[in-house]
Amino acid sequence: MAEIQLKSLAHSYSRHPEGPGDYAIRQMSHTWHKGGAYALLGPSGCGKTTMLNIISGLLAPSEGDVMFDNVRVNELSPKDRNIAQVFQFPVVYDSMTVFDNLAFPLKNAGIPKARIEAKVEEIAAILELEPVLRKKAKGLTADEKQKVSMGRGLVRDDVSAILFDEPLTVIDPQLKWKLRRKLKQIHEQFNITMVYVTHDQLEASTFADKIAVMYDGQIVQFGTPRELFERPNHTFVGFFIGSPGMNLIDVSVTEQGVRFDDIDVPLDDGQKQRIAATGSSNIKLGIRPEFVQLTAAPADDTWPCRILDVEDLGTYKIVTLQLGEQRLKARIDEDQMISGDTLHVGFPRQWLKVYVDEFLVDEQTEEAQS
Ligand SMILES: Nc1ncnc2c1ncn2[C@@H]1O[C@H](COP(=O)(O)OP(=O)(O)OP(=O)(O)O)[C@@H](O)[C@H]1O
């Protein structure tokens with residue numbers, strides 16, 4: 001098991017990259033700590049597979065260092081890095097039995113026979129592959145084959161990390177949940193560093209203790225599911241995490257804070273200074289639908305808005321509102337009644353976030369927080 005550190009990493013598939021747009025991974029540094037259960041979450045094409053292949057050594061990065069436990073491994077072959085990688089589609093030897101498939105990495109490493117048998121049986125039991133252990137892999141279902149692929153990574157005691165690249169794509173929907181639980185259980189049992197690539201936020205948050213959200217070739221936030229929800233560091237995290245995503249409103253700067261339409265939102269002095277220091281005019285307010293406050297009567301710091309739609313989703317409702325030129329979503333409890341066509345909307349200060357050039361501007365300075 002190893003700590004995996006990516007230092008000033010960048011990768012372009014183009015031989016002569018001309019600008020940031022030519023990079024699949026844009027200059028970034030990141031550490032996957034020893035023994036963590038991590039998800040790498042992001043939309044299609046953001047660079048997830050590229051990053052995994054750089055870690056496992058299938059791809060040499062254009063720039064930067066890949067460090068395992070503070071040792072640079074850029075020049076090491078995939079085999080010598082001791083990384084197990086489980087791909088979207090199962091990789092098994094069809095003509096071998098399940099037992100031999102699982103035993104394969106151990107035989108290659110010259111492990112004694114008795115140890116191989118014990119280890120294969122242990123992993124087969126965890127993955128519930130015992131009934132098919134003596135069968136040829138050829139006759140297995142897609143999810144059994146994928147379990148064999150995972151098992152091949154898990155049998156080895158010497159792996160630095162296991163990388164899963166959307167491993168449940170071919171799995172039956174009912175079995176997905178079960179396998180995800182299984183992986184979590186395996187992580188708890190063996191404490192191996194695991195990085196699980198997915199574009200599904202539910203999959204990421206049920207598996208991982210910490211999620212790295214990737215967007216446009218960069219990790220824009222690394223945090224617990226709760227941190228990503230409560231304090232998105234980037235507008236993309238606000239938009240991508242949550243259902244529906246964060247409301248994002250373009251605003252302009254005023255003396256007191258910011259404004260959109262004829263609505264003034266005051267900000268504290270620290271925030272105003274930090275916004276001014278950037279010199280940027282790309283400023284947004286963000287608030288999650290869960291934190292939008294709706295009242296029937298006007299109150300301090302509320303604004304009248306029109307109800308456009310109420311969608312009942314069983315355990316909660318999504319209300320679509322028109323506030324000035326803005327369309328907003330609010331998520332409310334199923335038993336909260338909505339009547340008439342006007343409501344009053346408020347943004348609790350604690351949950352109202354300010355973004356400059358898509359990144360969060362903190363309410364407090366770093367020094368004030370520590
Ligand atoms: N072999 C390649 N040659 C050229 N460009 C590539 C190659 N592989 C990936 N890319 C490009 O690099 C970018 C990142 O791709 P990557 O496959 O790493 O993303 P991803 O997040 O894993 O997406 P997906 O979930 O669709 O696999 C994309 O723009 C993709 O088109």
Side-chain angles (χ1 to χ4, degrees), residues 4-32 37-66 73-74 77-78 81 83-91 142 145-146 149-150 153 161-171 173 176 179-180 183 193-208 210-223 225 228 232-241 243 245 358:
I4 300 169
Q5 206 181 358
L6 308 172
K7 278 188 171 172
S8 306
L9 193 76
H11 186 72
S12 174
Y13 287 100
S14 153
R15 270 168 194 265
H16 306 288
E18 285 175 2
D22 289 339
Y23 280 81
I25 304 274
R26 299 191 189 193
Q27 265 274 339
M28 52 155 278
S29 295
H30 184 74
T31 302
W32 303 104
Y38 299 116
L40 180 57
L41 174 70
S44 183
C46 71
K48 305 181 296 294
T49 300
T50 303
M51 184 191 285
L52 283 205
N53 289 345
I54 288 173
I55 295 173
S56 63
L58 293 175
L59 189 67
S62 325
E63 293 166 34
D65 303 316
V66 181
V73 296
N74 287 47
S77 70
R81 292 191 194 190
I83 292 276
Q85 197 164 356
V86 180
F87 299 93
Q88 208 166 5
F89 298 100
V91 182
K145 283 188 180 179
Q146 191 60 319
S149 286
M150 290 179 183
I162 308 186
L163 312 179
F164 298 95
D165 197 349
E166 310 233 12
L168 303 184
T169 308
V170 293
I171 308 292
K176 271 190 183 175
L179 264 184
R180 218 160 46 216
L183 281 181
T193 313
M194 290 185 175
V195 182
Y196 186 106
V197 162
T198 177
H199 58 262
D200 180 332
Q201 55 171 307
L202 182 70
E203 207 158 295
S205 49
T206 46
F207 172 75
K210 267 181 122 175
I211 301 173
V213 182
M214 198 162 182
Y215 172 65
D216 213 6
Q218 279 195 314
I219 290 177
V220 287
Q221 189 164 8
F222 184 46
L228 301 180
N233 201 27
H234 189 278
T235 51
F236 178 75
V237 180
F239 157 81
F240 198 63
I241 306 272
S243 177
E358 314 308 328

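Every number for a ligand or one of its atoms is a count from 1 in the order of the listing.
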* Report the C-alpha distance between M51 and I219 in whole Å, list the side-chain angles of each, state the deciding distance to 0.1 Å, and finish with yes or no for side chain to side chain contact (heavy atoms under 4.5 Å, CB included). => CA-CA 11 Å; M51 184 191 285; I219 290 177; 3.8 Å; yes
* What's the spacing between T50 OG1 and I25 CD1 if we round to 0.5 Å? -> 5.5 Å
* Measure the distance from atom 25 (O) of ligand 1 to every protein heavy atom, then report the residue, atom name and distance (to 0.1 Å) of the closest one. => K48 NZ, 3.2 Å
* To do: Please report the C-alpha distance between N53 and L163 in whole Å, then the side-chain angles of each, then the deciding distance to 0.1 Å, and finally whether the side chain to side chain contact (heavy atoms under 4.5 Å, CB included) criterion is met.
  => CA-CA 9 Å; N53 289 345; L163 312 179; over 6 Å; no
* **Any E166 heavy atom less than 4.0 Å to ligand 1** => yes
* Asked: Among protein heavy atoms, which lies nearest atom 19 (O) of ligand 1, and at what distance?
  -> G47 N, 3.2 Å
* Asked: Which atoms of ligand 1 have any heavy atom of T49 under 4.0 Å away?
  -> 17 (O), 18 (O), 20 (P), 22 (O), 27 (O)
* Evaluate the 4.0 Å heavy atom contact test for atom 31 (O) of ligand 1: does a protein atom fall under the cut-off? => no
* Asked: Who's the nearest protein heavy-atom neighbour of atom 10 (N) of ligand 1, and how far?
  -> Y13 CE1, 3.4 Å
* What are the two closest non-hydrogen atoms of P61 and V66, and how far apart are they? -> CG-CG2, 4.4 Å
* **Per-atom contacts of ligand 1 with P43, taking only distances under 4.0 Å to non-hydrogen atoms** => 21 (O)
* Identity and separation of the nearest protein heavy atom to atom 26 (O) of ligand 1 -> S44 OG, 2.6 Å
* Just by distance, with hydrogens left out, do Y23 and E63 show a side-chain donor and acceptor under 3.5 Å apart? -> yes
* Proximity flag G217 to ligand 1, non-hydrogen atoms under 4.0 Å -> no
* To do: Look at the side chain of S149 and the backbone N and O of V91, then say whether any donor-acceptor pair between them is shorter than 3.5 Å.
  => yes
* Heavy-atom distance to atom 20 (P) of ligand 1: which of G45, S14, G42 wins? -> G45
* Distance, nearest 0.5 Å, that separates NZ of K210 from CG of L228 -> 10.0 Å
* Asked: Step by step, would you call L58 with Q85 a side chain to side chain contact (heavy atoms under 4.5 Å, CB included)?
  -> CA-CA 10 Å; L58 293 175; Q85 197 164 356; 3.5 Å; yes
* Under the 4.0 Å line, does any protein heavy atom show up next to atom 28 (C) of ligand 1? -> yes
* If you count the atoms of ligand 1 from 1 in the order shown, which ones are under 4.0 Å from a heavy atom of T50? -> 14 (C), 15 (O), 16 (P), 18 (O)
